[in-house]
Amino acid sequence: MTPFLTSDRWYDIRDLGNLSSAILEALDKVLPFEVVYILAAVIGFVASFLLFVLPSQLFVGVYGERRLIGRMQSRLGPNRVGPFGLLQPIADAIKLIQKEALTPTQADRAVMYVAPILFVMPAVLLWAVIPFGEHMVIADIPVSLMYFLAVSSLPVIATFMAGWSANNKYSLFGAMRIVSMVISYESPLVLTLLGAVVLTGTISLSGMVAWADEFNIWVVFVQPLALVIYFICVSAELNRTPVDIAEAESEIVAGYLTEYSGMKWGLFYGMDIGYALAASGFITTVFLGGWTFFGLEAWIPGWLIFIAKTYLIYFLFIWTRGTLPRLRADQLMAFAWKFLLPLGVFNLLIVSTERMLWFEQDYAKGLVYVFAAVNIALSAVLVYVWARFNGYRPERTPTRPRLVKQAGGYIPVGERS
Amino acid sequence: MMDGFGPSLAFWVLAAITLVAAGGVMVSRNLLHAVLFLILTFVGVAGFFVLLSADFIAMAQVIIYVGAIAVLVLFAVLLTPRSSRDNSETRWAAPGILLAVCLAAIFLFVVHDTAWRTVDAAPANLSAASLGRALLSTWVVPFEIASVLLTAALVGAIMLTRSPEEEAEDALA
Amino acid sequence: MSGVIKSEPFVINIGPQHPSTHGVFRIKATVDGEKVIDAEMVMGYLHRSMEKLAEERTYTQNIPFTDRTDYLSSMSNNLGYCLAVEKLAGIEVPPRGNAIRVIMAELQRLASHCMAVGAFANDTGAWQTPVMWAFREREKILDIFEVTSGARLTCNYMRIGGVAFDLRPEFEPMVRRVLRDFPPFIDEMEGLLSGNEIFIARTKGVGVLTPEMATNASLSGPMLRGSGIAWDIRKADPYCGYEQYDFDIPIGYNGDSYDRFIVRLEEMRQSVRIIQQALDGLPGGPFRTEVPLALRPPKGEAYARIESPRGELGYYLVSDEGPSPYRFHIRPPSFINLSALKEMTVGGTVADAIVVLGSIDIVVGEIDR
Amino acid sequence: MTPGLEHFLTVGALLFCLGLAISLSKRNAIGVLMGVELMLNAVNLTLIAFSRFTVSPNPIAGHTFVVFILTVAAAEAAVALALAVAVYRNRETVDVDRLNLLRS
């Protein structure tokens with residue numbers, strides 16, 4: 001049958017707790033094997049959804065993000081509904097459901113209705129291949145990294161549909177921007193992931209975690225540049241500030257979301273967070289060793305480590321959002337093509353060379369630590385040199401104006417007053 | 001081997017989705033709708049690839065066709081003006097469709113009249129790793145030529161779409 | 001601008017309801033893809049006919065109107081109007097009144113520039129953080145205004161011949177606290193924005209005003225100083241005893257949005273210096289010259305100008321010896337500064353247009369009056 | 001009914017003919033391009049089906065072909081769309097019926 005269906009490691013609920021494993025073992029005795037197997041998968045999916053995705057979405061994504069951003073902006077954030085304002089996301093959802101879902105008269109109604117649904121589906125599908133812990137992956141397919149990339153290229157279509165169908169010029173701007181940005185950022189994104197793939201020699205996410213476990217080093221230490229580029233690219237694809245040009249509030253009102261209201265808007269908003277969380281989980285799995293922590297996973301459940309790392313990466317998303325201004329659309333394009341893409345190619349060259357050396361040394365365990373040290377230094381140098389080459393001259397931008405004592409006419413630059 | 005209810009159901013659903021969506025490309029008057037139907041077709045074909053144990057190809061299909069080509073087409077549609085976004089037929093539509101119908105008849109006849117020698121079990125070495133090995137050993141020359149082709153296409157596309165102002169800007173620089 | 005996307009030209013309305021127009025202002029921009037090829041300013045959505053209404057009220061009754069032109073710097077507007085009336089009627093202001101006026105005007109400049117800098121950062125896309133930080137500091141100044149005049153935004157504090165009330169005892173510690181808190185805050189903003197590569201990329205070289213363009217459009221304030229022209233009414237034509245205080249005029253380098261931003265930041269530092277000096281040397285004595293409530297200035301005309309946070313704010317009054325002005329005219333800096341907007345936006349992108357509009361720091365109440 | 005090689009080939013043939021009909025009948029150059037993409041997809045489907053079902057010493061060859069077709073399709077789409085945009089810029093139309101500069 002297909003690799004999707006034949007993989008022998010489905011989601012195994014037994015890792016989550018003894019109660020469910022007891023139930024399943026009891027069922028195993030009375031029911032046929034396949035039924036119990038599928039039951040375990042379903043329970044595992046529901047459990048992971050209830051235990052991780054939904055709480056993350058609501059309480060880390062919506063509440064935590066607003067609360068943290070509030071603290072960064074010296075305000076309190078939501079603190080009225082429930083204890084510490086924890087029920088705020090639910091109150092928001094109730095409000096959004098009550099609101100009327102408006103559709104402009106000249107809008108393309110069918111497309112406008114379908115777009116939010118299409119936007120939600122990939123966000124759920126993405127979690128299928130992320131390993132929460134040992135054997136705790138819903139579909140452990142051999143090409144899970146490719147699967148993640150493929151599925152995460154789908155929401156672009158939905159956002160484009162949303163922007164185009166509303167028949168609003170701001171929405172159309174958002175649609176144009178997101179389409180052009182995704183074309184530009186897809187290539188450095190895939191190139192940098194290729195670095196991680198070449199290093200670990202697998203395109204299975206479980207395989208990558210296993211690699212990190214085997215060599216006792218996370219991919220990020222050997223591929224620091226790849227993580228940085230991937231983080232920037234994925235922020236661009238997810239429309240997170242500082243690269244949220246598709247829904248840039250101060251420029252094009254809300255971009256492709258301008259004409260949406262009610263729960264249709266809520267789906268876009270909620271799933272934006274869902275995609276950021278999924279990307280955090282992906283970064284954790286590929287670059288930060290997934291559910292392993294240098295042997296600590298023997299004492300702490302792996303899924304707790306995974307969730308902690310995911311939230312840490314998500315905090316980075318929140319932090320950049322709270323701090324940085326937004327780049328212009330053409331600057332973003334130039335950044336992708338002139339800066340990130342060449343750096344990704346350099347990175348790939350370096351890691352391929354290292355992989356070749358490593359192969360000749362018969363994958364000696366110590367060598368990877370040498371690579372890590374070399375790569376960290378090399379990445380810093382590369383970024384700086386390439387930035388200088390691209391015209392990065394901070395010393396040419398004075399941060400203080402000139403001061404003069406007397407009022408008068410024009411004073412050319414360089415003239416003492 | 002394609003036994004069992006699941007693969008059968010998957011096949012029929014995918015066939016329906018793919019062919020209906022392809023028909024949608026044909027009949028929809030709005031060019032944007034046609035592109036959206038085209039994307040659905042691509043996804044359906046990717047589903048077929050999964051069903052045929054070609055998981056790497058399926059993912060590549062989604063990444064390249066949906067993530068890149070369809071987005072490019074959408075972009076091109078946006079760059080052409082609203083007035084030329086209809087998807088109507090030319091005067092020569094009828095002969096073209098007739099030709100396609102005839103061809104379909106021939107194809108179907110050939111497909112169903114030939115006694116194909118088929119195997120039931122999927123071949124063992126259809127994994128991504130063996131594909132990579134094949135690409136870099138047996139097929140390494142076409143592989144390199146394909147990369148040259150891609151580069152040429154990239155450069156060519158950039159040169160084609162440059163506007164006169166940009167040429168002037170570059171001439172000054 | 002070769003990297004921007006092109007399409008067929010179409011018209012896009014930036015405003016009157018738009019998050020970044022700072023009020024009900026509208027730019028009718030014709031764009032080709034993202035590139036702005038034509039921009040038309042549409043204003044008047046907030047017109048309240050103040051100049052005509054003022055002809056029906058007494059000189060003192062007109063002071064609250066001036067609060068409501070530039071509602072972000074009501075103190076400066078009060079001051080400009082009172083100076084014009086005093087010039088018309090020949091009234092002297094006691095030294096304590098002048099010093100209080102200077103402190104208030106400079107506090108108002110701090111508050112207004114906080115708003116300008118924060119909103120500008122918001123326009124570049126620094127989502128809410130700088131603006132909230134700036135509001136935190138502005139709040140302390142508004143508290144001072146509330147303690148002194150009873151109102152936070154529309155203070156109505158200046159009177160013809162001085163100020164409305166004397167300072168309260170809480171005033172000085174509160175101002176000292178502001179003076180203590182402000183320099184670190186400005187450094188903080190500088191660290192957050194001035195050295196930020198993205199911020200520089202967004203603002204450097206955007207909306208460049210050459211000195212010729214700036215003078216031809218008769219711009220003033222930070223707009224003019226950003227273009228490298230050392231011009232400040234406080235130095236060129238001192239009022240309220242500004243000549244006693246030691247401060248510098250910050251001027252920019254190329255006249256782009258970035259220069260206007262750093263000029264505003266530096267002006268806040270200079271304002272802190274002025275307040276420090278004025279507070280240290282605050283004279284005693286009366287704070288107001290008593291003038292009749294129904295003032296009838298002699299026949300004639302007067303024009304008084306001050307350096308408001310946005311530039312040269314002028315009030316022109318004509319008296320026919322009646323109890324109310326025969327003609328009342330405001331030279332609003334926002335309105336005049338806006339005249340250069342088209343030249344600065346055409347050729348850039350829509351995103352640039354927003355940044356340029358933010359760097360002008362308009363207040364629509366003042367444009368439409 | 002259990003799907004076999006014939007079923008996949010039928011879908012591929014129908015898809016190919018639909019693509020052909022689209023590319024022959026559409027007025028818009030982008031529509032023509034979409035038809036071509038459909039035909040390429042149909043060919044891919046057929047190749048993968050053969051590689052999966054037929055007796056072959058080297059079944060991965062079918063996959064390799066598909067990889068090359070994907071590459072060519074990407075290049076073709078980029079160039080064709082660039083052509084469409086360039087043609088529009090010069091002729092103000094992408095209607096293939098009206099691109100008849102060479103007609104006397």
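FYI, side chains are in, hydrogens and waters are out, and symmetry mates aren't considered; it's all heavy atoms of this structure. Reminder, nothing fancy here: chain letters follow the sequence lines and each chain counts from 1.
- Your options are C:Y253, C:F261, C:F199, C:F135, and the one with the most heavy-atom pairs under 4.5 Å with chain A is C:Y253.
- With chain A as partner, the option from C:N13, C:N254, C:I233, C:T215 having the largest number of non-hydrogen pairs under 4.5 angstrom is C:N13.
- C:K235 contributes a side-chain N or O that, together with a main-chain N or O of C:F247, makes up a donor-acceptor pair within less than 3.5 Å.
- Judged purely by atom type and a 3.5 angstrom limit, A:S184 has no side-chain atom pairing as donor or acceptor with the backbone of A:A336.
- Under the side-chain hydrogen bond (donor to acceptor under 3.5 Å, both in side chains) rule, C:D248 has a single partner from A:R402, A:Q406, A:K405, which is A:K405.
- For A:R400, the parts lying under 4.5 angstrom from a heavy atom of chain C are both the backbone and the side chain.
- C:R269 touches chain A through its side chain: at least one heavy atom from C-beta onward sits under 4.5 Å away, while N, CA, C and O do not.
- If you measure heavy-atom distances from C:A121 to chain A, you find no contacts under 4.5 Å at all.
- C:V355 has its side chain within reach of C:F120: a pair of non-hydrogen atoms, C-beta onward, lies under 4.5 Å apart.
- Residues A:F389 and A:W386 bring their aromatic ring centres within 6.0 Å.
- Residue C:V263 touches chain A through both its backbone and its side chain, counting heavy-atom pairs closer than 4.5 Å.
- Of the listed residues (A:M72, A:R75, A:Q73, A:R321), the greatest number of heavy-atom pairs within a distance under 4.5 Å of chain C belongs to A:Q73.
- Only the backbone of C:S227 comes within contact range of chain A, judged by heavy atoms closer than 4.5 Å.
- Ranking C:A353, C:S194, C:A201, C:P130 against chain A, the residue ahead of the rest is C:A201, based on heavy-atom pairs under 4.5 Å.
- Both the backbone and the side chain of C:R202 come within less than 4.5 Å of a heavy atom in chain A.
- In this structure, no portion of C:L224 lies under 4.5 Å from any heavy atom of chain A.
- Proximity to chain A (any heavy atom under 4.5 Å) is restricted, for C:D232, to the backbone atoms N, CA, C and O.
- Of the atoms belonging to C:I200, it is side-chain heavy atoms, and not backbone ones, that fall under 4.5 Å from chain A.
- Using cut-offs of 30° and 60° on the angle between ring planes, the pair A:F160 and A:W164 is parallel.
- With a 4.5 angstrom heavy-atom cutoff, C:I262 touches chain A via backbone and side-chain atoms both.
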